[in-house]
Amino acid sequence: TSQVFNASGYANLKMTFSHRFVADGPGTTVFAEYSLDGTNWTAIYTQTASIGAWGTPDVRTVSIPASGSAMYVRFNGLLRGKTTSQWSVDNVIIYDDPPTPTVPTLLSPSNNAFLTDFTPTFDWEDVAGAISYIIHIDNNPDISSPEVTGTPISSEYTSTELPPGTYYWTVIAVNEFGESLGSTVLSFTINLTAPVNLVTSETGGDLTITWDTVPYATSYNVYTSADPYGTFVYAATVATNAYTVPASTVRLFYKITAVN
């Protein structure tokens, strides 16, 4: 039995010890126990089979589920084999193992979200006690080779520019004692933005339509319709942000989509 010790204020008390146990005889059992008063004991480790050996003991770490100002631990046993049952214990260390942070809960972008922002902002719930976070953004679902890794101190992060595509993200919380497990992995897709600021002009009998260049677009599809609310029919694919056709007396409406 140990001397009394003060463990008040410790939130995650643990005990590590090395031992060798030879169990010989039915009912042979050994226990590691703790007490908050020296009278009432609670088992935190029980062993009934032989374990460990001289030179290669079994090293065991157990949690002590309560703490107080007057604590004791002891190693106790029922050795039924008289001289043949043996239990030796050494290197007993009692310590506080402060908990690492809880796993973050991701908020936005939500899973399978579609975005048109190439520098999206990520948000997750605050984790109590976290002093920073690690966010990984990858185009692989296993997060094996992140495209972006950030270390914000708050529960929000704006990414550097990401090309169009599908991405996956996860967050780890960090405190002074270590890192949490990674959060659930969520996915999102960045799409090309729609062409804007269409302008028409007529020169030498030709009609030219221009629009603002769309980042990451490699070409543009042009569609026409006689009815702005009707079905648009594919007309052409162009490599630049301009489309020229002979002018016509027939009124047409045009729709442009960006392609990557």
Worksheet entry | Candidate pair W41 and F31, rule ring pair (Phe, Tyr, Trp, His ring centres under 6.0 Å), full reasoning | CA-CA 11 Å; W41 295 89; F31 311 89; over 10 Å; no

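- Within the structure, salt bridge (Lys or Arg N to Asp or Glu O under 4.0 Å) contacts touching residues 144-158 (residues at least two apart or in different chains) do not occur.
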Discussion item. What verdict does the side-chain contact (heavy atoms from CB on, under 4.5 Å) test give for N40 and T42, after you've listed the backbone C-alpha separation in whole Å, the side-chain angles of each residue and the deciding distance to 0.1 Å?
Written reply: CA-CA 7 Å; N40 300 291; T42 301; over 6 Å; no

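- L207 contributes atom CG, which lies 7.0 Å from atom OG of S201 (distance to the nearest 0.5 angstrom).
- Going from atom CG of L181 over to atom OG1 of T170 covers 9.5 Å, rounded to the nearest 0.5 Å.
- Considering only heavy atoms from C-beta on, P109 comes within 4.5 Å of L115 through its side chain.
- Across all their heavy atoms, V222 and Y254 have their closest contact at CG1-CD2, 3.9 Å.
- When side chains are defined from C-beta on, I143 counts as touching V185, because their heavy atoms get closer than 4.5 Å.
- Counting heavy atoms from C-beta outward, T100 and S180 have side chains that stay 4.5 Å or more apart.
- Distance check: E33 CD to Y45 OH gives 13.5 Å after rounding to the nearest 0.5 Å.
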Discussion item. Show, in sequence, the C-alpha distance, side-chain angles and deciding distance for S187 and N111, and conclude whether the side-chain contact (heavy atoms from CB on, under 4.5 Å) test is met.
Written reply: CA-CA 5 Å; S187 72; N111 198 33; 3.4 Å; yes

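- For the atom pair I93 CD1 and T16 OG1, the distance stands at 6.0 Å (nearest 0.5 Å).
- For T200 (side chain) and I209 (main-chain N/O), no donor-acceptor pair under 3.5 Å exists by modelled atom type.
- Judged purely by atom type and a 3.5 angstrom limit, N221 has no side-chain atom pairing as donor or acceptor with the backbone of T237.
- When all heavy atoms are compared, the tightest approach of R20 to A53 is CD-C, 3.7 Å.
- Residues S159 and F118 fail the side-chain proximity criterion, which asks for heavy atoms closer than 4.5 Å.
- Here the side chains of Y10 and I94 are not in contact, with every heavy-atom distance at 4.5 Å or above.
- At least one donor-acceptor pair under 3.5 Å links the side chain of N12 to the backbone N or O of D97.
- In this structure, T105 has no side-chain hydrogen bond (donor to acceptor under 3.5 Å, both in side chains) partners at least two apart in sequence or on a different chain.
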Discussion item. With side-chain contact (heavy atoms from CB on, under 4.5 Å) as the criterion, how do I134 and V174 come out once you've worked through the C-alpha distance, each side chain's angles and the decisive distance to 0.1 Å?
Written reply: CA-CA 8 Å; I134 302 170; V174 181; 4.1 Å; yes

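- Formation of a donor-acceptor pair under 3.5 Å by the D24 side chain with backbone atoms of S50 is not found in this model.
- Of the N and O atoms on the side chains of T218 and N260, not one donor lies less than 3.5 Å from an acceptor on the other residue.
- Nearest heavy-atom pair across L36 and G68 is CD2-N, 4.0 Å.
- Using modelled atom types and a 3.5 Å distance limit, the side chains of D126 and S155 yield a donor-acceptor pair.
- Checking D227 against S225 by side-chain atom types alone, no donor-acceptor pair falls below 3.5 Å.
- When side chains are defined from C-beta on, Y157 counts as touching W124, because their heavy atoms get closer than 4.5 Å.
- Connection of V245 to V250 is established within a shared hydrophobic cluster, with ILVMFWY side chains joined at heavy-atom distances below 4.5 Å, either directly or through further cluster members.
- Residues V127 and I172 do not share a hydrophobic cluster, defined by chaining ILVMFWY side chains whose heavy atoms lie under 4.5 Å apart.
- Heavy-atom minimum distance, L13 versus A66: CD2-O, 4.2 Å.
- By the ring pair (Phe, Tyr, Trp, His ring centres under 6.0 Å) test, Y220 pairs with W211, sequence neighbours left out.
- A distance of 9.5 Å separates OG1 in T102 from CD in E125, rounded to the nearest 0.5 Å.
- No donor-acceptor pair under 3.5 Å is formed between the side chain of N140 and the backbone N or O of D142.
- Taking every heavy atom of both residues into account, I44 and P65 meet most closely at CG2-CD, 3.8 Å.
- Only one option out of F122, Y168, F114 pairs with F188 in a ring-ring contact (aromatic ring centres under 6.0 Å, His included); it is F122.
- Cluster annotation: Y216 and I190 are assigned to the same hydrophobic cluster (Ile/Leu/Val/Met/Phe/Trp/Tyr, side-chain heavy-atom contacts under 4.5 Å, transitive).
- Nearest heavy atoms, A32 versus M15: CB-CE, 4.0 Å.
- Annotation: side chain of D212 is not in contact with side chain of V214 (no heavy-atom distance under 4.5 Å).
- Taking 4.5 Å as the limit, every side-chain heavy atom of W169 sits out of range of all side-chain heavy atoms of V148.
- In E202, the CD atom is crowded: over 12 heavy atoms of neighbouring residues, nucleotides or ligands sit closer than 6.0 Å.
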Practice prompt. Dump the intermediate steps for ring pair (Phe, Tyr, Trp, His ring centres under 6.0 Å) on F17 and H19, then the final yes or no.
Written response: CA-CA 7 Å; F17 58 94; H19 70 129; 5.3 Å; yes

Practice prompt. Under the side-chain contact (heavy atoms from CB on, under 4.5 Å) rule, what do F75 and V30 come out as? Steps first, then yes or no, please.
Written response: CA-CA 7 Å; F75 296 89; V30 292; over 6 Å; no

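- Hydrophobic cluster membership is shared by Y133 and I137, with clusters built from Ile, Leu, Val, Met, Phe, Trp and Tyr side chains linked at under 4.5 angstrom.
- If you take OG1 on T166 and CG on N112, they are separated by 9.0 Å, rounding to the nearest 0.5 Å.
- Criterion: ILVMFWY side-chain heavy atoms under 4.5 Å apart, direct or through other members. Under it, L198 and Y243 are part of a common hydrophobic cluster.
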